[in-house]
Every structure is written in C-alpha cells, then in structure tokens.
Amino acid sequence: MKKIEAVIRHFKLEEVKDALTEAGVSGMTVTEVRGFGRQKGHKEQYRGAEYTVDFVPKVKIELIVDDDESQKVVDAILNTARTGQIGDGKIFVSDLGEAVRIRTGETGSESL
Amino acid sequence: MKKRLLGRTVVLLSSLLLLTNTTYAQETEEIVLDSGNIAWMLTSSALVLMMTAPGLALFYGGLVRKKNILSVMMQCVFLMGMMTVVWGVCGYSFAFGGENPYVGNFDHLFLKGVMPSAELSMDASVDGMIFAVFQGMFFIITPALICGAFAERMKFSTMCVYSLLWGIFVYCPIAHWVWADSGWLCEWNEKASFPALDFAGGTVVHISSGMSALVCSILIGKRLGFGQEPMPPHNLTYTCIGAALLWVGWFGFNAGSALAANALAVNAFVATHMAAAAGVVAWSVAEWIQHGRPSVLGGCSGAVAGLVCITPAAGAVNPMQGILLGLAAGYVCFLACTKLKNTFGYDDSLDAFGVHGVGGTLGALLVGVFATKDITGERYGWLEGNAWQMVNQSVSILAAAALGIVGSFIILKVLDAVMGLRVTQDEELQGLDLTQHGEEGYIFL
C-alpha cells in the first residue's frame, strides 16, 4: 500500500475529489494546512502595523491506495490540481506499513 | 443638565396645555416629560448600553489575538455591571449633585431624591430617573473605551479597581464641570468661567478616556513581543459587526443627548450619521492612496473616528458641517494611528488614544469653529464671529485632558505599588482568557 499526500490549492479540491472518485478511490481525508514552498507569503496591514505572512493556506489530501493504483491516482491529482502557476502544491508518495478498519478489524487492502 | 432639559420641555408642554387643557404639569414643580420624550429617552439609554456590549466588546474583541478575546468581552461586561452599581450608589451624586462649580456632593447617594419615594411621586421622578439612567450608560462606556489601551496584558483585578477609582475621581468631576448646572465649563450655566460646547461628551467621554488611555499604555508598557512578532487582529468580522453596532448605538448617545424627542435630536441624529459616513470615506481613501488598498479595519475605524468627532458638536453644527468634521476626523485619526504611534512607539494596543483622544480633541476644537446659531439658537462659534469660543473650548480640552492624565497617572502608580498592573510574563503568553478567567473563547471538538 501507498500513502499519497497532496498539498493543493483550495479551489481545486472539488475537481481533484471528483477525479479521484472517478479513478476508483473509495475514501480520503482533507485538512486545512499552512506552509510555504516557492510561493512566498504576502504582506498584511492593520492600521499602522505591517506584517509579512509567510505561511500560505492550502488544503492537504491524504489517501491510501494499493501499490498498483498509485500511479493512476497521482496522475489524476496532477491533471486536475495544476494551474501552471507557482503555488500549485506538491504530491508525496510513501510506503505504508499497515492499515486497519476499526469496525471489523480487517487489515491491508481489505480495510481500504 | 436638568435645566436644559426643563427649559426645552416647558415650551413643548405649554403648547400641549393650550391644546388639551391638562393640568398635571401645573400640580407639581417638576415638569413631567410626555410619553414621546420618555419613549425616546428610554430607547436612547438602551442604545448607549448596546454600545458597550455587544458594540465595543466585539469591536475590541476582534482586534486582539484569539487567546485574549474573552478578557476584552469580560472587561466590557463587568464594567456594565460594576459601573452601573457605582453610578446608582454614588457616581450620579458625585457628578450631578450640588451647586459647586468643581465637584458634586453627597445629596443623591443611593439615588436619593431621584427615585420615587414618599417625598417624590412616580410622575415627578420621571425627569430625574431618565437623566440618571441615560447618564449612567455614559459612565459605563467611558472606562470601557480605555480598555483598548491596556488590552492583552492588564490584570483583571487591577482593571476593576482602576475603573472604579477612575470613574469616581476622573469621570464624575469632568461630567460635573461640563454638564452639571453649576459646572465651571457648563454651556448653559450663566456663571460658568468658560462655557464650553460639549453636546454629548467630547471632553467628558472621549478626551477623558483617550488621554487616560495614553497614560495607561505608557505606564503599563508594551505587550510582550510588540514590534517583533506579528499581532494581527484575530477576527475582523467581529470588529466590523462591533463598529456597525457602535454606529447605531451612537444615535442614542448623540441624538439622545438632546434629552427629548425634538428638533435638536433630529439634527443631532442626522449630523451624527453624516459624520460617521464621512469618517469611513476619509480613512478608507487615505489608506487607498497611501497603501494601495482600502481595508475593512480602516473603514470601521473611520466610522468610529467620525462619530467621536461629532459627539461634542452634534447639537451645535448642521449635517453638512458634520460631514466636514467626519472627513477631518477620518484623516487625522488615520495619521494618529498609523504615523504618530509608530513614531513614538507606545503600545496603545487598540488605538483608544489615537481614535478617542485625538478625535475627541479635534471635535471639541471644531465645534468651537463651526457652532451655528441656526442650530443652537444662541451660542455660536468662530466662523460666526465668536473667536472667544475657541478659548472656552481649549480650556475645557486642557482641563479634561489634565485631569485624565494626572488622575490616571496617580491611580496607576498607586495600584502598581499595591497590586501590580500586569499579569506575569507566563500568563501573558498563555493569554488572559485562560489565566484571568479560566475559559477559552474558541473550543473546537
């Protein structure tokens, strides 16, 4: 199994979710995150005070798939989340040790 | 103040008497307000209370960091409680009792001679009761305004004692000077040394609190990390709602200060609205030009600045002059909050001085310039040839500022020695919500 984490733009979430569902993914977890890469932050002004906000808000998708599904899923994210501008985000793929469905105790691919 | 109220009401009632031939007003010495006036004054009193919470509570609450929002809300709510009780017990008497030009007396302790009693019938008490409760709302919001200066770091216990002493030793005397019939700065006191125009509290509310705020912010010191770490407002949505509530509440504050539902109240209402609107425009445009974008916080601050500035003038200038005052206030307060504060480096956290001290002073001066006989009937300002009014205005500004500054300085120095002004460094880092009140503003899950 692989764990795929993708940090993407907020407004791309629906599109990415639809593409992933179409690719056969049965579930995912989404969190609001903040961070920076090549896209730097911005300046905010409140009355006289100016602040540089380095951490840019993004959405992180996490999903677990079988090894042979991995490439298809990564492609689906790539195709839908890309705008071509700096700040489109990143995809991380890693090997996953184990997954367990809490209700039944099923493990591995059956738990997904 | 009573005299002003009665003077205006007599005319109204005598015309009523001719029409209806009622005699109730003749039976008592006190003139009984008619139902329209009573309804308006009760409404106005409620509107002024609404300014403290939710108005100011949300306005200030949104501006602090999220670990301190409850501390600001509690300061407002607790002051609504404490200052009201103090007002009933002794504050009203200290502000409006007696014939001395400088201080009140003990005549009306526990609202004696104000509330209905064996000697004072229900009908006869209406006038005094309305005045006492309306003025009581001012007694609440004025110290609450100061909270903006020491937000996010002052001990709650010290804040309570400070507000209590400040109310008695700073607010009550200034209110007496300006609004008691015998006050030495009172507009309608023929024996006043310097009869100043202050319709709804430019000196009594805004200069007194604004100048005290400056002293507070300097004596209590900067917030930990001020200037090094970002301290952006945590929820400008609240601030915007708060500003809108303040705007609405201010109609009670200013138009209510006519003390009747009459032509003066109408003028005050319209002038107030115009000034607030002009304040929004001035501050926003100034930001637009200087920073490239108009901000929500700027628009909201501009409205408050315009409202502060028109407060002493609402009963003495017309609505178009109100626009001028609002424009001036929006721009001058913008400069005070962005340039002045940065130049001198004091941490007036929520700009209580920058908006109320500066805007109040500006308003108290400009009413001396623009006051017109068209509105006041008798008093008029520099533009209509009465340059001396500027002297009266200046003296009232200096007097209110001096008592605010000296009074706050002494109270804070004493409290610093006795109980300490600030929370500990650790408490400040954790936030006042948790350390002063044992609660959190935002609990998710």
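Because the structure is a prediction, the values reported are computed rather than measured. So that the names make sense, note that chain A is the first sequence line, chain B the second, and so on, each numbered from 1.
- In this structure, chain A has a heavy atom under 4.5 Å from the side chain of B:Leu63, while its backbone stays farther away.
- The aromatic ring centroids of B:Tyr442 and B:His234 lie less than 6.0 Å from each other.
- Side chains of A:Arg47 and B:Asp351 form a contact here, defined as non-hydrogen atoms less than 4.5 Å apart.
- Under the salt bridge (Lys or Arg N to Asp or Glu O under 4.0 Å) criterion, B:Arg223 pairs with B:Glu152, B:Asp347, sequence neighbours left out.
- The aromatic rings of A:Tyr51 and A:Tyr46 lie tilted to each other, with the angle between the two planes from 30° to 60°.
- Atom-to-atom distance recorded for A:Ile77:CD1 and A:Ile4:CD1 is 6.0 Å, nearest 0.5 angstrom.
- The residues A:Lys40 and A:Asp54 are annotated as not salt-bridged, no charged nitrogen and carboxylate oxygen being separated by less than 4.0 angstrom.
- Along residues 290-299 of chain B, the residues that come nearer than 4.5 angstrom to chain A, judged on non-hydrogen atoms, are B:His291, B:Arg293, B:Leu297 in order of number.
- Residues A:Lys3 and A:Glu62 come closest through the heavy atom pair NZ-OE1, 4.3 Å.
- At least one side-chain heavy atom of A:Glu32 sits under 4.5 Å from a side-chain heavy atom of A:His10.
- Taking non-hydrogen atoms and a 4.5 Å limit, the residue list of residues 205-219 of chain B in contact with chain A is empty.
- Residues meeting the side chain to side chain donor-acceptor pair (under 3.5 Å) test with B:Arg153, sequence neighbours left out: B:Ser349.
- Rounded to the nearest 0.5 angstrom, B:Ile69 CD1 and B:Glu440 CD are separated by 12.5 Å.
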